[in-house]
Structures are given as C-alpha cells and as structure tokens.
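Step one of this worksheet: look at the structure below.
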Amino acid sequence: MIKKIKIALIGNPNSGKSSVFNALTGLNQKVANFPGVTVEKKTGYTSLRDKFGNTIEAEIIDLPGTYSLYPKSPEERIPFQLLCDPQNEAHPDLTIVVADGANLKRNLFLASQLVDLKIPVVLVINMMDIVRFKKININFEKLSVRLGVPIVSMNARKQEGLKELKEAIAKPFSPPANDFIDIRPFAPEVIDTIRQTVNVNSNYNAFLVANNLDLISNFEIPEFKKEKIRAVCAQYEFNAQQMQAKETLERYRVISTIMNEFISSPENPIQKSPSYRIDNVLTHRFWGYFIFLAVLFLVFQAIFAWAVYPMDLIDSAFAWLSVQVQSSLPPGLINDLLVDGILAGLNGIVVFVPQIALLFFFVAVLEDTGYMSRVSFLMDQLMRKFGLNGKSLIPLMSGVACAVPAIMSTRTISNWKERLITIMVTPLMSCSARLPVYTLLIALIIPSDYIYGVNLQGLVLMFMYLIGFVAAISAAWVMKHILQSTEKSYFVMELPTYRLPRWSTIGIHIAEKVKVFLFEAGKVIVSVSIILWVLSSFGPSGAFDRIEDKYLSETYIRSMPQDEIDRRIQSEKLENSYAGRLGHIIEPVIKPLGYDWKIGIALITSFAAREVFVGTMSTIYSVGDEESSKMTVKEKMRNEIDPETGGPKYTFAVGISLMLFYAFAMQCISTVAVVYRETRKIKYPLIQILYMSGMAYLASLIAYQLLK
Amino acid sequence: MILNKRMGTTIKYLSELKKGQKGIIDSFTDYELSLKLLEMGCIPGEIIEVIRIAPLGDPIAISVAGYMLSLRKAEAATVRLKPN
C-alpha cells in the first residue's frame, strides 16, 4: 500500500534547512515560484518505508527561511498562508522544523510557534558539529517530552542523522501533545469566536488569524466572516501589535526556563570564536574593502574573460548546426525560419549559460559561507544613500558582463524595494553586448591618437563604462524617492557563523538557475527572435519579388558577378522588409538625434540584442561596387555620405549620439524576459523600457544638437 | 543623551555604546521595529554587547542570545538600555 503525505520544511535562515532538504530529496526536486510572488518554491520527493513495510511517498515543500510566522512582507506571507489555512492545497500533514543547535534560543522561537499550531511536528536540531565544538549539552529526551514532539539531532551537511529523520517521518505522527504557551487567555472571546467561525486547528491558529486578518484574502475567508471577526476584535479591543509583542515575550520567557533546564553550555564569548577572528580581517577598515574589491574583480574576470571560451564553443556549435540544417533541407521558408529564426533564437539563449553558471557559482559560495552578509555590513552606509543594499554591488558589477545573470542574482537582497531598484538600474551598466557597438563607433569617430601617453580611443571607451555606472547610481537615487513601499526597510540582519561552502548544494543551485533561465526566459526570447525574423525577412506583398525580378534582368547579370548581386538583393530586401519600412516610419522621430532610416533599422533589430547592430549595419551597407564589397563595415560606414550635407554621415556628433543611445536604451529582450520573470509583473519591464529609452532619446538628442 | 531628572541618572541607548561595551535591554521607542527585534531575541533583560562597528561608522554588530546581529545606528537608537 502506498501512502502519500505532504511535508513542509521550515526553519530560520542559516539553520541548514537546505542541507536537510537536499539530504532528504537529493536531485529529486523542482523549483518554481509561489503563485504571484517571486519567492522560490522548491518541491522535492522522497520515498520511505514504515516499519510494516508500507511505502510512503513524501512530497516535501521547502518554505523560505523565516524567523517567525508573522509576515512582514507579502513574500513572508507564504509560510503563514500555507500553515494556517487547513484548506490550502499545500497545507502539510507534517512539518519538519529545522533549528540551529548552536543557536537554540532564537531557533526555538519559531519551533514553539509551530508546536502551538498543532500540525504534527518533527524537530530537527541541526549543526551538531558546532554544538559539539562549542561543548553545548542538550538533553534531547527531556526536551522532546517537554515540547511534546519527536526530536532528531543532525549534521545535515554530512548526512549524519538522515536515517533517524527518515524513521521519524515514517512513524505515525500526531499533533504536538503539549501547548508551548497557553494563548487562549490572551484574548479568549476573539479566539473562541474565530474557532466557531472558520476552520482552524488550534487556538494559536485562531490567534494568528485575528492578528493578520488584513493579509488574508476573501477567497480564504469570505468577507462576511471577516466582518464578524473584526467586530469581536473591536468589541474586546484586540490590538494586533500589542498581542504580538505579548506573545513573543511569553514565548521567550518559556524558552529561557527550557534553556536552563535542558541545555547547558559553557561561556562561548563571540570574541573567542573563529568567525570573530575571520571578521577581524574581512570587515577590517582597509583589508575588508581590499578583499571585497578583489572578490568583485574575480567575479568580473570570470564572467567577462573566462566565460568567453565556453560561449565561443556554443556559438561555433550553433554555427555548425545552422550549416548542417541549411544544407540538408531544401532552401526556402522553412529552412530560413529554422536557421535564422529558431536556431538563432536558441543560440541567443544558450550562449548565456556559461555566464549564468559562473556568476551563480560565485554568488552561491559568497552566500553559503556567510560572506554576503558581511558585504552588506561593509557597504550599507554607502549604498543606502542610493536606495540600494550593500548586496546590490554584486549584481551591478556583474551587469558589466551581462545584465541577465546579474538580475537573476538579485534574489539575495531580501528587501523588496532595494531589490527592485537594483533590478531596474542594472541594465544601465555597460554590458559586454555594447562593447562591439562602442568599438565600431569609437574607431569610426575618434582618432587613434595618444595624449600624454594615453590612447584616446581607450579613454573614450572607459568613459562610456563610467557613464553607465553614473547613470545606474543616479537612476537608483531617483527611484529611491519615487518608489512607494509599504514594507518598512529594516537592516536588522543576522551575521551568521562562517562555514565552508557545501559544494553539492551549490551545484544543485547552479543547475536550478540555468534550468529556470533556459525554460522560462527562453520562451520569451525565442518568440521575440521569431517575430524579429519575420519583420526582417518579409515585406509588403510583391516588394521582394520585384527586387528579385530587377536583378534577373540582363543589365545586372552581365555587368555584375553573382555574389555582388546576392548582396544587393539581400540589402534591398532588408530595406523593403517590414523592419525596413519601420525604419523609414520612425525616421522623423530619430532625425533630431542625427539618425537616418538605415540606423533606424539597426535600432529595431538591436532589440534582440545590442550587438546585432554590427551585423545589420554590414547587411545594409553591402550595396556597392566590387571595390566596396571587400571593405569592412567600418570602412563602408566611413564612406557613407550624408545626402543633406554632402559630408560623411558618421560625424563625431552622430557617433556620440549613437553611443549614448546604446548606453542607455533598453534593447535586450533577454533582459526584458528576465526582469519579467524576476518581478512577476509586466509593468516593471515596461517601466524599464520606457525610462531607459526616454533617457537614451534625451541624452542623444542633447548631445547631437550641441555637437552638430 | 537624555537626562532623566526623576531617576537622577542618564538613560542610555544602544546606539551610544562603544565597541566592547555591554548593556541590558530595557525597552524600545519604536513599536513596529521592536516586534522585529523581539522575535530576533532582543528581549528586555537580555545582555547585549557591541562587538563591532562597520568601518564607515554604521551599521553596528551586537551579540545577543548567543549570536551576532547587525543593525543600523538609527535602529539601535530605538533600544533603551537599563541604567547601570
């Protein structure tokens, strides 16, 4: 007989909860978002055998780390929603509470709340290696009797205690036998009324409902019942904040007596701990910043320089595949769609994987060792002036390589407003896709001269990176003042004990991130790639046929070699495609910036990715005599004549205007897709496109009008 | 520092402690923040010690209930200490 059970895993941050989760489920897990919020919902499966030989299939939900059941933000609602609503589809049959054994006083607080919810509980006392190191003595039997729940001691990193945990889950379970605190006397009338009105399992559950009534949707409790509860709360002057404070004090009072009775610990002054000594260096006024800069430099190097090799490999693999497909299928629409639409789109996604994997390797190591919270500690004073968090520096710097993994890494920032601002401004950092555009334009308009031994072109390139950084920081400062947040921004944060990274956990984490990107952001990217392909490969009816007919005529065939004709056809087709038409249509709008319709086409196709600018330019300018076909894009652009002035088209003013446009404009569907995936609201990527493109337009307009 | 004339002593706040100084939590001046601090184990009567101050002067790190907690100076200024 197979029995199916649902288990919720809950615990403080840094309690080793994910080690327990990974030990229980191994690779048998999947990640999604909880509906409506960007909180990761990890579900894993394990199968157990009880003592009668029956199989138990357990579905384990890993709840986000939390210090208590009181939600302080919409994100923190999840544990509350799941545990306090017996009708919730994910309401568990059993909860595993993971507590850090070396930090029991604070960890028992959450455990005590769960005991009073009267859902069956197994308490895991984790980090037994540290408990032994600190010579803390815990009387497990007596503690178990006192709490009325089974206790399993574990060192989940080393899988120590895993067998015992599985046995405890497989045993028949029942709700905790004792009340940890007696909550009913706090508000007897309110609690009784709620228990009669809605379906809750315990007095404490009723108490939490009264306390968080505003957070409960009408779907969970219908309005007329809420009215009834509100009335009784008002009648007996139920003050939610006071009640919460009173409950917290009472719990800690009981925890103190328990600590005295069942746990003995020698004095462990923090100043004697290894973590304190590590902090002496890592948060030092000089070495702290030096090391942080070195870490940033390393991350930057990895995603900028090291990732190039696997990325080139992926590009060549796709190039090979494209050739194979192109040559094995008959030429035509399907062939083009497969090669230029779908394969190009897929290539555009897969190519991000090395950067994502490398960045998440570093982020996971920094997070897992406990170093990330020290970064906040070091940088908070500086970053909060701009509405950012100390942790925002990692995404911002990674944004110089690529905004896509950078935005995915903002999940380490727990404050929603600070995280949102980081997401909104990160694409302003000059990413590596802008580099080909910058180098092409700089080579075109800036002489390769030296001033005082400094290469002018290099100087301008550095200046473009600086502009990106200044723009990001300024935009953050503006948003700090505009964005409204109901969530109060507290810094109050644990500085966890330093630990060695758990390589298997980090491996799983990287695999998850890559998977999420490939499958969720990937969908959007492929769709938009196909749309762009359609726009640039089709034109209004008959237009393409006329071009082909024209080049079939005697005059062309006789006077031109075949490849020159093909180039001309390609170029004229692009001009007459929908994208080309759009280029013409937007010309009046971009004229004040110094652009013509040809640049307009490049702006449109660049929306797939900025570096497409270079390719589009070379297609547009492929028209010309035999002499010019041997020229590079740069030379062709240099020879382009502005019909109005008779001088070169790409003047200093146009070049600067274009570079500024590419510096600020949001021209990257991958980023748009990831921002949507990370914020779960279409309005944020839309706002981002609008404000960045607005900035780009204004900056280019001013620059061109001043310089021309 | 606020002079409490009735008691004849000076009331101290957590934000005024220097590195290495200890104090006993007495009460809080910000209700909402106090709920967060309470659940993190900052209970009246608990001994706290300033372990570290960030190089830029803010935030600070304290030891409470056997672990290290960091908070901003402005947040520490809402924690009233018992007069010693």
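Chain letters run A, B, ... following the sequence lines, proteins first, then strands; residues in each count from 1.
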Which residues in residues 255-265 of chain A have a heavy atom less than 4.5 Å from any heavy atom of chain B? none
Return yes if some donor-acceptor pair links the side-chain N/O of A:E494 with the main-chain N/O of B:Y67 below 3.5 Å, else return no. no
What's the spacing between B:K73 NZ and A:D380 CG if we round to 0.5 Å? 12.5 Å
Does atom CD1 of B:I47 have more than 12 heavy-atom neighbours from other groups under 6.0 Å away? no
Under 4.5 Å from any heavy atom of chain A - which part of B:I62: neither
Heavy-atom distance under 4.5 Å between the side chains of A:Q271 and B:E49, does that happen here? yes
Nearest heavy-atom contact between B:A65 and A:K105 is CB-CD, 3.9 Å
Side chain, backbone, both or neither of B:I60 within contact of chain A (heavy atoms, under 4.5 Å): backbone
How would you list, in number order, the residues of residues 274-281 of chain A that have a heavy atom less than 4.5 Å from chain B? A:Y276, A:D279, A:N280
CE of B:M68 to OG of A:S373: how many Å apart, nearest 0.5 Å? 8.5 Å
Within the structure provided, determine whether A:Y289 and B:L56 are in side-chain contact (heavy-atom separation under 4.5 Å). yes
Side chains of A:Y252 and B:E46: does their closest heavy-atom pair fall under 4.5 Å? no
Got a sec, which residues hit side chain to side chain contact (heavy atoms under 4.5 Å, CB included) with A:V115, two or more places apart in sequence or on another chain? A:V149, A:P176, A:F180
Could you give the distance from OH (A:Y70) to CD (B:E39), rounded to the nearest 0.5 Å? 9.0 Å
Supply the atom-to-atom distance B:M40 CE to A:Y67 OH, rounded to the nearest 0.5 angstrom. 4.0 Å
Pairing residues for A:Q241 by the side chain to side chain contact (heavy atoms under 4.5 Å, CB included) criterion, not counting sequence neighbours: A:N239, B:Y31, B:E32, B:L35
Using heavy-atom distances under 4.5 Å, tell me whether A:R251 contacts chain B through its side chain, its backbone, both, or neither. neither
Taking the side chain as every heavy atom from C-beta outward, state whether B:D58 and A:R384 have any pair of such atoms under 4.5 Å apart. yes
Which atoms of A:I270 approach chain B - backbone, side chain, both or neither, heavy atom under 4.5 Å: side chain
Counting only heavy atoms not in A:R285 (residues, nucleotides, ligands), do more than 12 fall under 6.0 Å from its CZ? no
